[in-house]
Amino acid sequence: MQSAEIRSRFLEFFKKRGHAIIPSAPLIPENDPSVLFTTAGMHPLVPYLLGQAHPSGTRLANSQKCVRTQDIDEVGDKTHDTFFEMLGNWSLGDYFKKNAITWSYEFLTSKEEGLGLDPKRLYVTVFGGNEDAPRDEESFAIWKSLGVPEHRIYFMTKDVKGKEPNWWSPGDNGPCGPDSEMFYDVTERGLGDMTKEEYMAADDRQEVVEIWNDVFMEYEKKDGKVIGKLKNKNVDTGAGLERLCMVMQKTDNVFATDLFVPIMSVIHTQATKYDERAARIVADHIRTAVFMMGDGVTPSNTDRGYVLRRLIRRAVRYADQLGIVGGFEEFIESITIKYQEIYPILAEKKETIIDEFTREGSKFKKTLANGLREFEKLSISAISGSDAFALFSTYGFPLEMTEELAIEKGVMVDRAGFEVEFKKHQDLSRSGAEQKFKGGLADTGEKTTMLHTCTHLMLAGLRKYLGDHVHQAGSNITAERTRFDFTHPEKVSREVLDQVEAYVNEAISKQCPVIIEQMKKEEAQAQGVEGSFWEKYPDVVDVYRVKCDDGTVYSSELCGGPHVKNTADIKGRFHITKEEASSAGVRRVKAVIE
Ligand code: SER
């Protein structure tokens, strides 16, 4: 069964069981400063898991694009990839463990409606209990009632390293809860019955792979601690499409599935030296880069742009190792063709992606050989911060690449020294990890919420004084400030910024209620509601309006919240502190509440 059929069977299965099928959110999280990329299907749904009503109802399902780069060093093995699609179904205070587990089992094993997998190859883990929540006897009993033999259901408890298994949370803050994970035996011989210890060893050898996770989200975390129960008992499930393809297509690695075959064949054709790990890294990184660029990320030295840059440069390095000399066009095309039906944006932006990728890749290709030579000279002993910085500034080696090369050689890199050099040379912040700002997914802190409402008002003001071509191109809000990117071709004068500021402050001083209205997407569009990425929203949307009692509407915009209930809750004066270019045709402002 090919990936397209697995995806559509999944959605059809849950649609038949009353779920609204919602579109994949973009890879760049909207209104969430805590992470650089969408890392799980539940991520865009955090406000709803915390209790807000979702416009499409209480049962949802979709296939969500995700990026996780914290395991980038593992890419090249059988199962790790930095981009993946997560199939998920959600209950927002609707059904709970019984339906969730039963449907997971039915979808996995039913030949007619699901995947028809062999129940004898299935293993299940459940939460073994800790100080926050009891052992999950209920899930155990449900699995047993479905016919999964008792000795293949393992209660998992904290291991010696203190890692909490079978408990899922998106970070230190937000909705969380115990989970039940499903594993599938991918060996040819078949593993048969296993004790818990044997099963764990098989997991280490990647002979069983996790294919689905049902999270029972009924708890909430703050600053890393469980603080109590949520308003609703929710279900969040996630099944990695790549891994489902792997088991359905009876391969023992994701790179042999139909999702990767096109790009892997191009790589194998062009490579003059064979190295399977390098080929997998090239395939993985190019695919992720293409998806990031499809959602508007461009290579740079900060945040998302830095992660993208690192992926492209790493792909170039491994392509070089494989003896590939050509350009990147064919690789990129193999991806856009594979995904064009489900993600048309990739085909639409193909030329831009090829151009940008080629520019970034070729620049690095030119300096790679010299950089590697230089590295050889330096790596006789430990690499100092200034040497690592020289490799970065002269040859374009991201720090992590120097570190990777150093590990291969068994020498150390002075990371702290590099950071000092970096700061000295340019006052830019950069980060290789997704986790970036303090706060968290569920950063519904008072200050952040105030700034979020101000950001809506500011966009309305910018549109009023600059024109209707102005739309949001990105936003990043913390408790300290809002950083907002918008489409506009030239510098915005201080006079206009003052006018926009006055517009926002007028709405604050008039103490206007903020109203959420649910309506059909077409209706919202027809009414001129402001929003970007319309195609990414479900049929029914939440419109947030700042509407004063005198009838003046200061802002009306598509959003998922959180916002203040009344502009009177915004304590202080809104002030735009900075305006600058962000990228071609996009301006960036920073603003604070004083
Ligand atoms: N949030 C869970 C995960 O990412 C289930 O969707 O695994």
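If you're wondering where the values come from, they're calculated on a predicted model, not measured in any experiment. Nothing fancy with the numbering, it's 1 onward along the sequence. Only heavy atoms go into these numbers, but all of them, side chains included; no hydrogens, no water, no symmetry mates. In each ligand, atom 1 is the first atom listed, and ligand 1 is the first ligand listed.
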[Y] ring center within less than 6.0 Å of [X] ring center:
X	Y	answer
W167	Y219	yes
Y95	W103	yes
F155	F127	no
F331	F357	no

Would you mind running through ligand 1 and noting each atom that sits below 4.0 Å from a heavy atom of [X]?
X	value
M42	1 (N)
V215	2 (C), 5 (C)
A40	4 (O)
T237	5 (C), 6 (O)
R68	4 (O)

Measure from atom 2 (C) of ligand 1 to every heavy atom in N89, D236, V235 and give the option owning the shortest one.
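Nearest option to atom 2 (C) of ligand 1, by heavy atoms: D236.
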
For E242, run the salt bridge (Lys or Arg N to Asp or Glu O under 4.0 Å) check against K78, R7, R287 and tell me which one passes.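 Between E242 and the candidates, salt bridge (Lys or Arg N to Asp or Glu O under 4.0 Å) is satisfied uniquely by R287.
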
Point to revise | Residues R280, D77: salt bridge by 4.0 Å N-O rule | key: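 D77 and R280: not salt-bridged.
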
Ion pair check, K225 and E220, cut-off under 4.0 Å: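 Result for this pair is no, no salt bridge flagged.
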
May I ask you to check if ligand 1 and G238 share an N or O to N or O distance below 3.5 Å?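 Yes, G238 has an N/O under 3.5 Å of an N/O on ligand 1.
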
Which is it for D214 and ligand 1 at heavy atoms under 4.0 Å: side chain, backbone, both or neither?
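Neither; nothing of D214 gets under 4.0 Å from ligand 1.
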
* Please confirm whether H43 comes under 4.0 Å of ligand 1, counting heavy atoms of the residue only. =>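 Contact absent.
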
